[in-house]
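In what follows, a single structure is set out as structure tokens and then discussed.
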Amino acid sequence: MNNNELDYWFDPSSRTLEELRVLQNKAIEKLSLEDGFGKIDRIAGVDCAYFEDRIVCAMPVLDYNTLEVIEKKYIVQKVAFPYIPTYLNFREGKAIASVFMELENKPDMIMFDSCGINHPIKAGMATYFGAAMDIPTIGVSKKILCGDSETPVEVGESQKLMYEGNQVGWLLKSNKRSNPIIVAPGHKVSVESSLEIVKHCLKGYKLPEPTRLAHMYAAEAKKEILEQKDRN
DNA sequence: GCGACAG
DNA sequence: ATCTTGTCGC
């Protein structure tokens, strides 16, 4: 993907919310909810941290079998868009696409800390990114953006997340002491597979390894940047 | 009109 | 997301 395509999909500047909504719909036209991936060797996780007017986007790549980190990269950019529910893809998208392109070990799939098709028009960050970049993605969030579900109680239990009569994901009780996490397909991953893959990546913590490690990595990168700044 | 609302 | 220490519970 070149810079023009990058800006086409991820640059919100000089565009109205109406135009951004049109862009989301355009990406969604490419959406596939069928498994469009082969054997998964590597899976990446993404998460962003913020400070001042900057966004720190971290992306570790893990071996799918061992869940060990193979490579990790992060990038710092100026925040170009505010947080507006249902438009998160335009706040974090460009930074995520930028780190992704710098990876030497491309993952077969990416796990996001955000929504997938569990979004008013199915354009959650994971889905939008996957459709625009044509990469299999899964969304894992901690709060429901839209939809309703029963509450899973036993560890490992899942309940369907429904929105407008359709299943758009799951609520999964991943840990004994944590509230359920929300799992949803992003792009090229079925509703069933999204749950299986997230379960495979659980190691006893609330969040699956790709996302959990991405969160820690983004936090430590931010901390180091701030400490470096203090020394000057 | 009111409330809800990923990060 | 971010500002932040201790503290209750398993």
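Each chain gets a letter, A, B and so on, in the order its sequence line appears, and its residues count up from 1.
Ion pairing between a basic and an acidic side chain is recognised when a charged N comes within 4.0 Å of a carboxylate O; A:Asp108 and A:Lys39 show no such pairing.
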Take A:Leu67 and A:Lys203 through the side chain to side chain contact (heavy atoms under 4.5 Å, CB included) test and state the conclusion after the steps. CA-CA 9 Å; A:Leu67 296 180; A:Lys203 267 199 170 179; 4.2 Å; yes

A:Thr211 and A:Asp47: CA distance, side-chain angles, deciding distance, side chain to side chain contact (heavy atoms under 4.5 Å, CB included) verdict: CA-CA 7 Å; A:Thr211 296; A:Asp47 191 39; 5.6 Å; no

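Residue A:Tyr87 is classed as a base contact, given a heavy-atom separation below 4.0 Å to a base. Here A:Ser114 lies in heavy-atom contact (under 4.0 Å) with a base. A:Tyr50 comes within 4.0 angstrom of sugar-phosphate atoms only, judged by non-hydrogen atoms across all strands, and of no base. Within 4.0 Å (heavy atoms only), A:Ile144 reaches sugar-phosphate atoms of the nucleic acid but no base atom. Residue contacts shown for A:Arg91 include a base, since a base heavy atom lies under 4.0 Å away.
Heavy-atom contacts of chain A under 4.0 Å fall on DNA chain B between two terminal nucleotides, which in 5' to 3' order are B:dC5 to B:dG7. Mapping heavy-atom proximity under 4.0 Å, the span of DNA chain C touched by chain A runs 5' to 3' from C:dA1 to C:dC10.
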Based on Watson-Crick and G-U pairs with both distances under 3.5 Å, what dot-bracket line describes DNA chain B 5' to 3', crossing pairs as [ ] and inter-strand pairs as |? .......

Map every base of DNA chain C to its dot-bracket character, where paired means a Watson-Crick or G-U wobble contact with both distances under 3.5 Å and | marks a partner outside the strand. ..........

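A single hydrophobic cluster is not seen to contain both A:Tyr83 and A:Ile55; linkage of ILVMFWY side chains at heavy-atom distances under 4.5 Å, directly or through other members, places them apart.
Within 6.0 Å of CD on A:Glu227 lie more than 12 heavy atoms contributed by other residues, nucleotides or ligands.
The closest side-chain donor-acceptor pair between A:Tyr50 and A:Glu92 falls under 3.5 angstrom. Side-chain atoms of A:Thr151 and A:Gln159 include no donor-acceptor pair closer than 3.5 Å. There is a side-chain donor-acceptor pair under 3.5 Å between A:Thr86 and A:Arg21.
For the segment residues 118-130 of chain A, residues with any heavy atom less than 4.0 angstrom from an atom of DNA chain B are, sorted by number, A:His119, A:Gly124, A:Met125.
A cation-pi contact, defined as under 6.0 Å to the ring centre and within 45° of the axis, is absent between A:Lys73 and A:Phe100. For A:Arg91 and A:Tyr128, the positive end is not near the middle of the six-membered ring at less than 6.0 Å and at most 45° from its axis.
Remark: A:Tyr64 pairs with A:His200 by the ring pair (Phe, Tyr, Trp, His ring centres under 6.0 Å) rule, at least two apart or across chains.
In terms of position on DNA chain C, the residue among A:Lys176 and A:Lys222 whose nearest nucleotide sits closer to the 5' end is A:Lys222.
With A:Thr127 contributing its side chain and A:His187 its backbone, the two residues share no donor-acceptor pair below 3.5 Å.
The shortest distance between side-chain heavy atoms of A:Lys94 and A:Trp9 does not fall below 4.5 Å.
The only member of A:Ser190, A:Ser158, A:Pro185 that meets side-chain contact (heavy atoms from CB on, under 4.5 Å) when paired with A:Leu195 is A:Ser158.
In this structure, A:Met1 CE and A:Ile135 CD1 are separated by 8.5 Å, a value rounded to the nearest 0.5 Å.
Here the closest heavy-atom approach between residue A:Ala132 and residue A:Lys30 is recorded as CA-CE, 4.3 Å.
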